[in-house]
Amino acid sequence: QLQLVESGGGLVQAGGSLTLSCAASGRTFSRYTMGWFRRAPGKEREFVSGMSWGDGATSYADSVKGRFTVSRDNAENTVYLQMNSLKPDDTGVYYCAAAFVLIDTQNEARYDYWGQGTQVTVSS
């Protein structure tokens, strides 16, 4: 079992930055692939970024490449999402997710554990 708690969301102006954190419980955090997803108002939840459990390979949605950076601290059981140059289109509820030894970081259906989400609102 793994419990995930996101934090760091808020209201920011376009062009600003936010860093989301996701704290995980459990003793085998390092063997979980971690993903970030978001749900914009009126839209389906979508993949944002992920980091593999093994080699730490990262992946990003095209819409956030070059602006967002995912990282993790296995000693602290925490994954981060640094978001720069934020746009109004980045507005949504951001969810942290975990999947045990998952390779395909973008496959939402393969994630087993989800956080409750944190709201990010980018004003124009």
Would you mind writing out the side-chain donor-acceptor pairs for residues 4-15 within the sub-3.5 Å range, not counting sequence neighbours?
residue, atom, partner, partner atom, Å
E6, OE1, Q116, N, 3.0
E6, OE1, Q116, NE2, 3.4
E6, OE1, G117, N, 2.9
E6, OE2, C96, N, 2.7
E6, OE2, G117, N, 3.3

Candidate pair Y113 and Q1, rule side chain to side chain contact (heavy atoms under 4.5 Å, CB included), full reasoning: CA-CA 8 Å; Y113 303 101; Q1 281 282 21; 3.2 Å; yes
Residues R72, N77; criterion side chain to side chain contact (heavy atoms under 4.5 Å, CB included); working and verdict: CA-CA 8 Å; R72 66 191 294 165; N77 280 14; over 6 Å; no
Verdict with supporting geometry, V120 and T91, side chain to side chain contact (heavy atoms under 4.5 Å, CB included): CA-CA 5 Å; V120 172; T91 294; 5.9 Å; no
From CA spacing to verdict: side chain to side chain contact (heavy atoms under 4.5 Å, CB included), T33, V101: CA-CA 6 Å; T33 284; V101 299; over 6 Å; no
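Salt bridge present: E46 and R38 bring a charged side-chain N and a carboxylate O closer than 4.0 Å. The existence of a salt bridge linking D62 and K65 is confirmed by a sub-4.0 Å separation between a basic side-chain nitrogen and an acidic carboxylate oxygen.
Note on residues 99-122: pairs passing salt bridge (Lys or Arg N to Asp or Glu O under 4.0 Å), not counting sequence neighbours, are R45-E108. Legend: ring-ring contact (aromatic ring centres under 6.0 Å, His included) pairs involving residues 52-93, not counting sequence neighbours: none detected.
Using a 4.5 Å heavy-atom threshold, the side chains of D90 and M83 count as separate. At least one side-chain heavy atom of T118 sits less than 4.5 Å from a side-chain heavy atom of L20.
Residues that satisfy the side chain to side chain donor-acceptor pair (under 3.5 Å) test with T105, not counting sequence neighbours, are S59. Y111 meets the ring pair (Phe, Tyr, Trp, His ring centres under 6.0 Å) test with F37; sequence neighbours excluded. For T19, the side chain to side chain donor-acceptor pair (under 3.5 Å) partners are Q82, not counting sequence neighbours.
The cluster map of Ile, Leu, Val, Met, Phe, Trp and Tyr, joined by side-chain heavy atoms under 4.5 Å apart, puts V93 and V79 in different clusters. Hydrophobic clustering (ILVMFWY, side-chain heavy atoms < 4.5 Å, transitive): L81 and Y95 are in distinct clusters. In the hydrophobic clustering of ILVMFWY residues, with side-chain heavy atoms under 4.5 Å counting as a link, F47 and I103 come out apart.
Side-chain N/O atoms of N84 and S17 include a donor and acceptor closer than 3.5 Å.
Taking OG of S30 as the reference point, atom CG of D73 lies at 11.5 Å (rounded to 0.5 Å). Distance check: C22 SG to Y94 OH gives 15.0 Å after rounding to the nearest 0.5 Å. Between the OG1 atom of T78 and the CE atom of M34 there is a distance of 9.0 Å, given to the nearest 0.5 Å.
Side chain of S85 to main chain of R67: no donor-acceptor pair is present (N/O by atom type, distance under 3.5 Å, no hydrogens or angles).
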